[in-house]
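Note sheet for the following structure.
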2 protein chains.
Amino acid sequence: MKADALRGHLDPMILAVVEHEPLHGYAIMEALLERSGGELDLPTGTLYPALRRLERAGYLASEWSTVGGRKRRTYQLTSAGTKMLASGKQEWVTFRAVVEGVLRPGQA
Amino acid sequence: MKADALRGHLDPMILAVVEHEPLHGYAIMEALLERSGGELDLPTGTLYPALRRLERAGYLASEWSTVGGRKRRTYQLTSAGTKMLASGKQEWVTFRAVVEGVLRPGQA
DNA sequence: CTTGATAAGTAGGTTGGCTACATGTTGCCT
DNA sequence: AGGCAACATGTAGCCAACCTACTTATCAAG
């Protein structure tokens with residue numbers, strides 16, 4: 001999968017994995033890897049800046065904790081984040097329809 | 001639809017519209033608009049550089065002509081372009097599976 | 001004779017995902 | 001005891017591609 005295919009689609013994916021349970025960065029990486037069937041193996045230089053961006057934008061809130069001597073920053077959805085996730089899902093549906101309308105994969 | 005959602009997905013879409021008939025830039029714009037149900041209205045500053053990029057990469061070949069006093073540059077798929085389109089379609093299927101695996105839209 | 005559709009392009013800005021690097025802990029294996 | 005893998009978080013700086021804004025030109029309609 002090409003790198004920049006992700007552009008603009010990563011944010012809703014991150015929000016989605018913390019939708020039902022708050023997770024820390026490393027756990028978010030693992031969740032994305034698992035949910036994507038091993039395809040989405042984000043470098044830390046992608047994930048951590050993205051998390052900070054989403055927090056700065058008000059979609060995530062974070063909290064430090066220490067578990068087994070390791071420091072974790074755990075992220076959870078804000079109410080703005082919940083709305084953003086919902087609209088992100090809707091946008092995905094639109095986007096998918098656009099791409100498939102153009103690609104017409106049935107006529108490949 | 002956000003601007004950078006398109007990133008990395010535009011190339012196969014352009015190749016797809018010239019798959020069965022060569023078209024000039026303006027006609028490609030119209031074809032994309034029509035096939036996307038009016039959603040994909042590319043600015044010329046996106047399309048024309050993209051076409052040049054695809055030609056430079058060897059996926060498209062172009063030819064000038066004049067129709068009704070207007071100059072057209074008509075693009076058609078090369079054999080490399082045909083292969084690229086096929087792999088682009090495959091990548092789209094993978095990408096869609098990744099996003100939907102993470103978003104799990106059924107549980108929205 | 002001006003507007004809108006047709007037709008093609010460039011310059012420059014923005015941005016987000018990437019590589020590469022930095023830092024530290026825990027626990028297993030030898 | 002030494003080393004490595006996994007756990008955990010982060011930054012600096014690069015770069016590609018999509019965008020806005022602009023330019024040029026022809027033709028038809030009003």
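Per chain, numbering begins at 1; letters A, B, ... match sequence-line order. All heavy atoms count here, side chains included; hydrogens, waters and symmetry mates do not. Just so we're clear, the structure is a prediction, and the values are computed from it rather than from any experiment.
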Quick one: how far along DNA chain D does chain A reach, first to last nucleotide 5' to 3', anything under 4.0 Å to a heavy atom? dA6(D) to dA17(D)
When the side chains of residues 5-15 of chain A are checked against the rest of the protein, which donor-acceptor pairs come out under 3.5 Å, sequence neighbours left out?
| residue | atom | partner | partner atom | Å |
| --- | --- | --- | --- | --- |
| H9(A) | NE2 | A5(B) | O | 2.9 |
| D11(A) | OD1 | R53(A) | NH1 | 3.0 |
| D11(A) | OD2 | R53(A) | NH1 | 2.9 |

Assess whether atom CD of E63(B) is packed by more than 12 heavy atoms of other residues, nucleotides or ligands within 6.0 Å. no
Could you check whether E30(B) pairs with R35(B) (Lys NZ or Arg NE/NH1/NH2 to Asp/Glu carboxylate O, under 4.0 Å)? no
Describe the nucleic acid contact of L47(B) in one word from base, sugar-phosphate, nothing, applying a heavy-atom distance below 4.0 Å. nothing
If you define the side chain from C-beta out and look only at heavy atoms, does anything of Q76(A) sit under 4.5 Å from V18(A)? no
To the nearest 10 degrees, what angle separates the axes at the start and end of the helix from dC1(C)-dG30(D) to dT30(C)-dA1(D), five pairs each? 10°
For a 4.5 angstrom cut-off between non-hydrogen side-chain atoms, does L32(B) reach V102(A)? yes
Under 4.5 Å between any side-chain heavy atoms of Y75(A) and H24(A), yes or no? no
Is any side-chain heavy atom of E100(A) closer than 4.5 Å to a side-chain heavy atom of R104(A)? no
Give one of base, sugar-phosphate or nothing for G25(B), where a contact means two heavy atoms less than 4.0 Å apart. sugar-phosphate
Does any non-hydrogen side-chain atom of R96(A) lie less than 4.5 Å from one of W92(B)? yes
Check every nucleotide of DNA chain C for an atom under 4.0 Å from a heavy-atom of chain B, then give the first and the last such nucleotide from 5' to 3'. dA5(C) to dG16(C)
Does any non-hydrogen side-chain atom of T66(B) lie less than 4.5 Å from one of R72(B)? no
Checking side-chain polar atoms at under 3.5 Å, does R73(A) have a donor or acceptor matched by the opposite partner on S62(A)? yes
Sidechain-backbone polar pair: T78(B) side chain, G58(B) backbone, donor-acceptor under 3.5 Å: yes
Please tabulate, one pair per line, all N/O donor-acceptor pairs under 3.5 Å involving side-chain atoms of residues 39-52 of chain B, not counting sequence neighbours.
none

Just wondering, do E91(B) and S87(B) contact through their side chains at under 4.5 Å, heavy atoms? yes
The correct set of residues in residues 60-74 of chain A placing a heavy atom under 4.0 Å from DNA chain D is W64(A), R70(A), K71(A), R72(A), R73(A)
